[in-house]
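The block underneath contains the structure these notes are about, expressed in structure tokens.
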Amino acid sequence: TPAAFFSLFLSMMCGEALAPPYMQRLLIGKTPRSTARGTIFSGLFSLPFFLITAGIGSIGRRHSDVLYTLGCRDITIWDPIPERAKEHAAKYPGMKTVDTFEEGLQQKPDAVFICSPPALHMPQAEAAILAGCHVMVEKPLALDLESLEKVKKLAYSATLIKFFIS
């Protein structure tokens, strides 16, 4: 529905500050009863989705904050500066860190949010696609057209993988 899309869009763009979880659930509910039921169930269960956020700069922090707020509890984060990743993970119960991006992919995540420095976007997207993960890449997508074309072909060949650009 348009309301559900709008709610998700607001939460991803603005984080909890402008679209807190209770507001998201109110916008998504089709009837008052389904809204109440969804609010109760969302408080009891987290999303069964394991993902990695690669890079915990300001955008990576925003994505992991919003995903945690939306109910994802199985989040692993990696950052080129390990202390920054550990400091961010300490804010959320259950959030984990890994020392290398490859170590995170070995855990078989469902999706990878690539928010790392731009020079790493295409190599990490390629590795995530080859590992069978859905991929979301922050902008700028690539630093050159050659690497972009390579990852695009790889994503098209992996029929079950979704490749998103933020």
Side-chain angles (χ1 to χ4, degrees), residues 4-21 24 46-166:
F5 173 78
F6 180 71
S7 173
L8 187 58
F9 174 77
L10 268 181
S11 65
M12 291 304 289
M13 293 303 293
C14 306
E16 188 178 349
L18 294 180
Q24 296 162 18
S46 63
L47 297 174
F49 197 70
F50 169 48
L51 58 97
I52 293 175
T53 301
I56 299 297
S58 65
I59 298 297
R61 280 193 305 271
R62 185 177 307 160
H63 281 295
S64 63
D65 292 347
V66 169
L67 289 163
Y68 195 89
T69 299
L70 290 173
C72 291
R73 294 296 181 262
D74 200 355
I75 300 173
T76 297
I77 58 176
W78 169 84
D79 193 85
I81 304 169
E83 299 79 33
R84 184 163 54 183
K86 289 179 175 129
E87 180 182 315
H88 185 70
K91 296 177 187 175
Y92 298 100
M95 194 176 284
K96 301 172 283 299
T97 63
V98 289
D99 293 327
T100 66
F101 181 73
E102 294 73 21
E103 182 184 341
L105 290 179
Q106 289 172 0
Q107 296 178 16
K108 305 283 187 215
D110 295 303
V112 176
F113 280 60
I114 298 175
C115 309
S116 52
L120 299 175
H121 286 185
M122 288 298 92
Q124 288 177 338
E126 181 179 353
I129 291 169
L130 290 172
C133 305
H134 297 288
V135 180
M136 193 290 300
V137 181
E138 262 303 329
K139 51 192 169 297
L141 184 58
L143 297 180
D144 61 80
L145 291 175
E146 185 179 305
S147 61
L148 176 62
E149 201 56 40
K150 180 180 178 184
V151 169
K152 183 175 105 175
K153 287 178 184 174
L154 189 61
Y156 282 145
S157 69
T159 56
L160 297 177
I161 306 237
K162 303 293 183 246
F163 184 74
F164 298 98
I165 304 163
S166 174

What's the separation between atom [atom1] in [X] and atom [atom2] in [Y], rounded to the nearest 0.5 Å?
{"X": "R73", "Y": "I75", "atom1": "CZ", "atom2": "CD1", "value": "7.5 Å"}
{"X": "M122", "Y": "L143", "atom1": "CE", "atom2": "CG", "value": "9.0 Å"}
{"X": "I56", "Y": "S64", "atom1": "CD1", "atom2": "OG", "value": "4.5 Å"}
{"X": "K152", "Y": "L145", "atom1": "NZ", "atom2": "CG", "value": "10.0 Å"}
{"X": "T76", "Y": "Q107", "atom1": "OG1", "atom2": "CD", "value": "4.5 Å"}

Nearest heavy atoms of [X] and [Y], plus distance in Å:
{"X": "V112", "Y": "P109", "answer": "CG2-CG, 4.1 Å"}
{"X": "P80", "Y": "P82", "answer": "O-CD, 3.3 Å"}
{"X": "L120", "Y": "W78", "answer": "CD1-CH2, 3.9 Å"}
{"X": "V151", "Y": "A125", "answer": "CG1-CB, 4.0 Å"}
{"X": "A85", "Y": "T97", "answer": "O-CG2, 3.5 Å"}
{"X": "L105", "Y": "C133", "answer": "CD2-SG, 4.1 Å"}

Within 6.0 angstrom of E87 CD, more than 12 heavy atoms from elsewhere: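 No - once you tally the heavy atoms of other residues, nucleotides and ligands closer than 6.0 Å, there are 12 at most.
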4.5 Å side-chain heavy-atom contact, L67 and F113: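 In short, these two side chains touch, coming nearer than 4.5 Å.
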Note, V137 side chain near Q124 side chain (heavy atom, < 4.5 Å):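 Contact flag for V137/Q124 side chains = no.
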H121 (side chain) donor-acceptor with E138 (main chain) under 3.5 angstrom: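 Yes: the side chain of H121 pairs with the backbone of E138.
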All salt bridge (Lys or Arg N to Asp or Glu O under 4.0 Å) counterparts of R84, not counting sequence neighbours: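 Expected list: D79.
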Partner residues of E102 under the salt bridge (Lys or Arg N to Asp or Glu O under 4.0 Å) criterion, sequence neighbours left out: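 Residues passing salt bridge (Lys or Arg N to Asp or Glu O under 4.0 Å) with E102: none at all.
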Aromatic ring pairing Y92/Y68, orientation class (parallel under 30°, perpendicular over 60°, tilted between):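 Aromatic pair Y92/Y68 classed tilted.
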Audit row: K96, D74, side-chain contact (heavy atoms from CB on, under 4.5 Å) steps and yes/no: CA-CA 8 Å; K96 301 172 283 299; D74 200 355; 2.8 Å; yes
